[in-house]
Protein chains: 2
Amino acid sequence: MTNTTPTRRQQLRLDTTAEIKRVALALLAEGGPDAISLRAIAREMRMTAGALYSYYGTRDELITALTSDMYTSLVDKTEAARDAHPAEAPAARLLAWGEAFRSWAVANPAGFRLVYGDPVRGYKVPEVGAAPEAASRACAGLTGLVAAAWPLQDQGPQEEYTWDDFDPGLADLIKTKFPDLPPGAVALALRVWGRMHGLVALEVYGHLGSQAKDPARLYRAELRDLARSLGLKD
Amino acid sequence: MTNTTPTRRQQLRLDTTAEIKRVALALLAEGGPDAISLRAIAREMRMTAGALYSYYGTRDELITALTSDMYTSLVDKTEAARDAHPAEAPAARLLAWGEAFRSWAVANPAGFRLVYGDPVRGYKVPEVGAAPEAASRACAGLTGLVAAAWPLQDQGPQEEYTWDDFDPGLADLIKTKFPDLPPGAVALALRVWGRMHGLVALEVYGHLGSQAKDPARLYRAELRDLARSLGLKD
DNA sequence: TCAAATATTGAACGCCGTGTAGTTTTCATA
DNA sequence: TATGAAAACTACACGGCGTTCAATATTTGA
């Protein structure tokens with residue numbers, strides 16, 4: 001209830017909570033998702049596995065927290081890369097976003113799996129929380145990129161979309177952020193998302209690297225083609 | 001060594017081996033990837049877990065076998081769908097391939113995860129095996145689709161690719177199957193693969209369904225756009 | 001029929017997540 | 001400063017997991 005500085009006890013608790021995540025991330029990076037076990041974390045911290053239960057109600061809860069962190073870190077990276085280019089260069093912003101997406105994924109394959117894979121059995125994306133927030137940011141960011149290209153859009157015969165075709169929360173977010181954008185732009189943004197996701201997912205899961213020597217080059221070509229097909233000239 | 005009909009004992013062994021896979025697939029379909037446990041399979045078959053070790057050297061070996069089966073089943077489906085259309089309708093063949101890909105994935109999400117994602121906790125993808133064969137078939141199939149569009153290709157300034165840019169096995173396969181195709185077509189095929197993969201992966205892992213009400217429609221639009229961008233008219 | 005080959009068991013080992021009961025530590029207040 | 005409650009932590013138990021291995025049961029061929 002109080003907004004004062006945390007007591008020593010609260011501070012220690014926060015520190016320990018953070019350390020658990022830090023250790024879990026280290027285990028994740030070094031041994032893959034399966035290396036995250038409460039017992040391993042406890043061992044590393046010279047605690048008992050049971051003691052962790054006063055910080056996270058369950059292992060899945062911890063992994064959810066990790067996933068949120070990862071997602072936020074990813075979105076931070078992509079948005080920063082995008083915003084390094086001015087609004088007058090929408091193509092560069094799109095390419096930067098995509099390249100940052102892939103770079104992050106390649107640098108943090110385990111994190112990518114946490115976010116876009118299926119880390120926890122029976123884990124349902126919670127209604128509220130940091131992960132959905134990051135997902136919304138990602139979606140909105142992509143829609144922004146598409147919005148910059150929307151006036152130039154000529155994707156053949158336009159399909160007709162309604163706001164009802166999308167999640168209400170997402171629809172509201174887009175409507176407030178981009179009042180002039182029709183719902184079809186959201187559909188296009190989701191497709192763009194898929195297009196950026198595809199090659200990266202294949203690569204992270206080892207299906208691309210065994211076929212092509214330079215996945216980065218393929219991805220760059222795909223991004224350029226995407227920008228071109230959106231009507232953005234570089 | 002002998003090519004005669006198997007002895008009764010050999011037959012039983014084959015039957016049991018097949019039954020193990022069948023039970024594992026049932027568990028997979030019904031309880032998700034984590035439901036595949038040797039103990040559960042053994043329980044279902046009224047055996048001991050240890051007894052399974054005379055059929056599969058390890059749990060991962062069994063999962064590898066399952067993955068191969070799944071991959072083969074997927075490729076069978078896509079090729080059949082594609083071949084339902086004549087060579088004179090390359091656009092239809094491409095669309096059919098893609099739609100079959102998504103249909104299979106949506107119908108067998110667990111199988112899709114086995115093949116393209118995080119299969120089972122603790123499972124490490126082996127370096128070589130039967131799965132690569134299915135992967136080659138898939139790649140070759142896609143390259144065939146791209147080959148049909150290659151003469152029409154005008155993807156802006158052509159990038160220069162060498163056969164060295166790809167896995168030697170894949171390169172050889174393509175060179176014998178499509179002697180006139182330049183290596184750049186393989187790069188395009190891989191990109192097409194990624195494009196078809198992206199939305200499906202997002203959907204199977206639940207990231208798309210929470211945002212859009214009708215992922216199938218999005219995917220169809222993406223496929224049409226893909227065909228269009230390849231120069232294929234429907 | 002009998003011995004060799006094969007199939008299966010059952011118990012063990014060391015992991016794991018998860019509870020619970022009891023013990024130690026910390027800290028605000030009397 | 002002493003005290004009692006809250007918080008942190010340990011110890012242990014339970015069941016599940018993959019895996020190994022000696023012992024046993026079953027089938028097979030001679």
Side-chain angles (χ1 to χ4, degrees), chain A residues 1-2 4-21 23-24 27-28 30-67 114 118-123, chain B residues 1-2 4-21 23-24 27-28 30-67 118-126:
Chain A
M1 262 310 171
T2 66
T4 67
T5 64
T7 76
R8 168 173 178 74
R9 217 192 182 97
Q10 291 169 326
Q11 187 56 52
L12 283 180
R13 168 163 261 270
L14 290 180
D15 290 350
T16 306
T17 307
E19 188 184 354
I20 292 174
K21 275 204 292 199
V23 171
L27 290 172
L28 173 71
E30 133 193 1
D34 312 316
I36 306 183
S37 82
L38 295 184
R39 293 186 125 102
I41 295 171
R43 215 159 26 228
E44 194 85 13
M45 300 178 66
R46 279 155 310 176
M47 295 173 63
T48 328
L52 297 175
Y53 278 82
S54 35
Y55 297 93
Y56 294 95
T58 180
R59 175 175 167 275
D60 289 6
E61 215 170 272
L62 166 61
I63 294 196
T64 300
L66 287 182
T67 304
L114 274 191
D118 192 38
V120 181
R121 179 162 140 62
Y123 165 71
Chain B
M1 263 308 171
T2 67
T4 69
T5 64
T7 75
R8 168 172 178 74
R9 218 193 184 101
Q10 290 169 326
Q11 187 56 52
L12 283 179
R13 168 163 263 272
L14 289 179
D15 290 351
T16 305
T17 308
E19 187 183 354
I20 292 173
K21 276 205 292 200
V23 170
L27 290 172
L28 173 70
E30 136 193 357
D34 293 345
I36 306 184
S37 81
L38 294 185
R39 293 188 127 104
I41 295 171
R43 218 158 24 228
E44 195 83 13
M45 300 177 66
R46 277 154 310 177
M47 293 174 63
T48 324
L52 297 176
Y53 278 80
S54 36
Y55 298 94
Y56 293 96
T58 181
R59 185 194 70 130
D60 285 9
E61 217 170 88
L62 167 61
I63 295 194
T64 300
L66 287 183
T67 305
D118 279 320
V120 176
R121 216 171 290 289
Y123 172 74
K124 291 296 169 218
V125 181

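Just so we're on the same page: letters track the sequence lines, and every chain starts at 1.
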Return the polar atom pairs (N/O with N/O) between nucleotides 21-23 of chain C and the protein under 3.5 Å, or none.
none

Exercise. Touch check for B:Thr48, heavy atoms < 4.0 angstrom, all strands: base, sugar-phosphate only, or nothing?
Worked result: base
Exercise. Phosphate oxygens OP1/OP2 of D:dG18: is one of them under 4.0 Å from a side-chain N or O of B:Arg39?
Worked result: no
Exercise. Whole-Å distance between D:dG18 P and B:Tyr56 OH?
Worked result: 15 Å
Exercise. Reckon A:Arg59 has a side-chain N or O less than 4.0 Å from the OP1 or OP2 of C:dG17?
Worked result: yes
For this session: Could you run through nucleotides 24-30 of chain D and give me one letter per nucleotide, 5' to 3': B if any protein heavy atom sits under 4.0 Å from the base, S if only the sugar-phosphate is that close, - if neither?
Result: ---BS--
Exercise. Under 4.0 Å between a side-chain N or O of B:Thr58 and OP1 or OP2 of D:dT19?
Worked result: yes
For this session: Pick base, sugar-phosphate or nothing for A:Tyr55, based on heavy-atom distances below 4.0 Å to the nucleic acid.
Result: sugar-phosphate
Exercise. Once you round it to whole Å, what is the distance between C1' of C:dT9 and CG of B:Leu52?
Worked result: 12 Å
Exercise. Would one find a side-chain N or O of A:Ser37 under 4.0 angstrom from OP1 or OP2 of C:dC16?
Worked result: yes
Exercise. Within the pair B:Tyr53 and D:dT20, is there a side-chain N or O less than 4.0 Å away from OP1 or OP2?
Worked result: no
Problem set entry | For atom CG of B:Leu38 and atom C1' of D:dC17, their distance in whole Å | 9 Å
For this session: Can you pull out how bent the helix from C:dT1-D:dA30 to C:dA30-D:dT1 is, comparing the axes over its first five and last five pairs, to 10°?
Result: 10°
For this session: Answer with base, sugar-phosphate or nothing: what part of the nucleic acid does B:Thr16 contact at a heavy-atom distance below 4.0 Å?
Result: nothing
For this session: Starting from P on D:dT10, measure out to CZ on A:Arg46 and report it in whole angstrom.
Result: 11 Å
For this session: Taking only the side-chain nitrogens and oxygens of A:Arg43, find out if one of them lies under 4.0 Å from OP1 or OP2 of C:dC16.
Result: yes
